[in-house]
Amino acid sequence: MAQNKTEAAKTGAQKKDRPWLFRTYSGHSSAKASNELYKTNLARGQTGLSVAFDLPTQTGYDSDHILARGEVGKVGVPICHLGDMRTLFDDIPLEKMNTSMTINATSAWLLALYVAVAEEQGADVSALQGTVQNDIIKEYLSRGTYIFPPKPSMKLITDVVSYTYQQMPKWNPTNVCSYHLQEAGATPVQELSFALATAIAVLDAVKEGGQISAEDFPAATGRISFFVNAGIRFITEMCKMRAFVDLWDEILLDRYGVEDEKFRRFRYGVQVNSLGLTEQQPENNVYRILLEMLAVVLSKKARARAVQLPAWNEALGLPRPWDQQWSLRLQQIVAFETDLLEFGDIFEGSVEIDRKVEELKAAAREELKLIEEMGGAVAAVDTGYLKESLVNSNTNRVQSVIAGDLPVIGVNKFTESAPSPLTQEADGGIMTVDPAAEAEQIEQLRAWRESRDEAAVKKALDALSQAAKEGGNIMPPSITAAKAGVTTGEWSEALRQVYGEYRAPTGVSSAVSNAENDILEPAREKVAAAAAALGRPLKVLVGKPGLDGHSNGAEQIAVAARDSGMQVVYEGIRLTPDQIVTAARNGTVDLVGLSILSGSHVPLATEVCEKLRAAGLGDVPVVVGGIIPPEDADKLKKAGVSAIYTPKDFDMAGIVIDMVDMIMKYEEVA
């Protein structure tokens, strides 16, 4: 023992800090399959759950809704009612668990289901620990799983904040999420300023809502947490996290008068950047993930409270349990094998680090001032300013990769490679969801509806609607509705009837033109020649069928086509195949491009092709972009799709030229 103390004194080592929460973002197919996965991950050393919900659950639809077709269980677990939530956490004691739920528009509902299951388990609800993401502003900007307009959406957020403060004091009621802003193209300054502007909007709404007293407000601010992204420029990313710490402390002290330092701590979880994962040479992603994680654990002053890492193969498809274990082991090696947690902040006093942190803070303050002058984050969403800013930043990033100014190993630099043995297995190195899972989920949902007390359901829905109309806190009637057997779709529909629905600005029509960029010059020449041959402009429709709200790729194609001289029809996210076909017919388009990143590409693209033929538009070429395995590409080609683009196809000019060639082939004017 004395020798250990002496050694510690020599090295300057301190008592080892407690590590962050180890999480794996997961869920797929069904509540039963996801429950088995969670128990496996916990047995392997995971210390917190991070639940991924499927898109119908996130956007408030039951599994048998028309928009849910092909989406059930693809990017997460389907949760339609209390029975599903009960199965999801079977034999997992919620009172002892720290559960993060990535859910936004339907946060109040999923939290209500969680509370109902916890009570069934006999848990003390006030002891529950965890997080609901509950950040709607970034959904309007990047992820697309919003439902209601901004004003009622902010009211739902404040209801959850107020309810949990009073009833679940250990719960994080909103997790302001800059992660998806970076995925949508945000620079470090935009990530800082847009996220902090969102947090200000939430706190202002909580304060104005009056459900939390002025005396309690400082403590309530201490429950606000953040969920951030860490990219490959890990020194800059680490400085960004230190800037977040300082700016959040500054905002809470100066704007809200929060004097207790513990309430001003910047509390955050992180997933490192999935956008930077490459389909080409995917084995390189392991190094990227490690370096990106270091950005959020190296600096003790700005260390993450929880970390979840993507798997090496997420640019190829859905990770298998083994792939998730590999990422979990990476966290465990850093935490338990290295001496990282034995020291204080190793960057204190660094001139370079301090300079970069101050530079980021100064730029973020300027952007925050601009947003404040617009009326705050919600107003900046409505005007389209935030979305346009992200589209422009993402366009710059994409074009930098195309030009080679932003090197990406295996993509635009050192591209020669032997085939990866990791992808040569029979499963292609990824997991696929059993197509039968959707049918089974729908069958179980219908059985649930038939077995419940309809009178209790109606009474609960009436009370929910009344609370929404009168401005009451939505949580108590939601918990009652959960216990009565109300479904996700019914809960959301009741609120849709009161609040209405919302279509967020796309950011494409008014995005800064890149027409002067030389990268697109070959495409512009090709488009001009084709238009001259046809005697009219070329017109394309970019559509997002189904519920996938990740619109970054669709937006970049739309901007590139527009700046190459094409007329572009782009109506945003969440369209049915019928709506896409109607838009194609009404717009007399020359080509239909579909963007689908949720794994539902086969049923949705096939249906669009079938409906185009039925509408007499069978000669209109269809192209599809997304994370599409080779075997699915073959199915799409047989269904009538002319071309398929995956993340490796990043040359926008080349894609536009391909589109022109396809149009001219079908016009027989080549």
Side-chain angles (χ1 to χ4, degrees), residues 53 56-61 79 100-116 130-141 143-168 171-177 180 198-212 220 223-225 227 376-379 381-382 460-482 486-504 549:
F53 296 100
T57 304
Q58 293 185 51
T59 50
Y61 294 108
I79 300 294
S100 171
M101 295 191 282
T102 301
I103 196 73
N104 295 283
T106 55
S107 281
W109 175 241
L110 272 297
L111 182 59
L113 290 169
Y114 190 87
V115 169
T131 304
V132 277
Q133 194 164 97
N134 202 23
D135 171 6
I136 205 65
I137 289 178
K138 66 92 175 50
E139 295 299 320
Y140 298 135
L141 301 177
R143 198 163 166 270
T145 68
Y146 56 82
I147 302 173
F148 313 114
K151 187 174 180 180
S153 293
M154 294 302 290
K155 169 64 165 59
L156 290 174
I157 291 173
T158 63
D159 284 353
V160 172
V161 172
S162 303
Y163 176 84
T164 54
Y165 178 75
Q166 293 156 3
Q167 305 295 330
M168 304 168 67
W171 195 269
N172 301 320
T174 185
N175 197 220
V176 178
C177 181
H180 297 97
T198 296
I200 289 170
V202 169
L203 289 181
D204 285 355
V206 169
K207 201 168 190 178
E208 291 164 11
Q211 296 186 62
I212 294 178
R223 297 312 307 171
I224 305 301
S225 61
F227 188 74
V378 173
V381 167
D382 274 335
L461 286 171
D462 288 345
L464 178 69
S465 298
Q466 195 65 24
K469 290 172 184 174
E470 295 176 353
N473 190 300
I474 215 71
M475 282 301 301
S478 294
I479 294 171
T480 300
V486 167
T487 68
T488 296
E490 291 166 341
W491 181 88
S492 300
E493 183 58 27
L495 298 188
R496 280 183 170 96
Q497 293 300 316
V498 178
Y499 298 147
E501 291 194 70
Y502 186 67
R503 298 289 292 178

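Just so you know, these numbers come straight off a predicted model, no measurement behind them.
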Does one side chain, of [X] or [Y], offer a donor that lies under 3.5 Å from an acceptor on the other?
{"X": "N134", "Y": "T174", "answer": "no"}
{"X": "N175", "Y": "S225", "answer": "yes"}
{"X": "W109", "Y": "T488", "answer": "yes"}

Atom of [X], atom of [Y] and distance for their closest heavy-atom approach:
{"X": "L141", "Y": "V381", "answer": "CD2-CG2, 4.2 Å"}
{"X": "P173", "Y": "V161", "answer": "CB-CA, 3.6 Å"}
{"X": "Q211", "Y": "S162", "answer": "CB-OG, 3.3 Å"}
{"X": "N104", "Y": "D135", "answer": "OD1-N, 2.9 Å"}
{"X": "T102", "Y": "F53", "answer": "O-CD1, 3.6 Å"}
{"X": "Y499", "Y": "A468", "answer": "OH-CB, 3.6 Å"}

Quiz item: Which word best sums up how the rings of Y140 and Y146 line up, parallel for under 30°, tilted for 30 to 60°, or perpendicular for over 60°?
Solution: tilted
Quiz item: Under 30°, 30 to 60°, or over 60°: which ring-plane class applies to W171 and Y114, parallel, tilted or perpendicular?
Solution: tilted
Exercise. Please determine which of K138, Q133, E139 meets the side chain to side chain donor-acceptor pair (under 3.5 Å) test together with T145.
Key: E139
Quiz item: Relative to F227, does R143 satisfy both conditions: NZ or CZ under 6.0 angstrom from the six-membered ring centre, and within 45 degrees of the ring's axis?
Solution: no
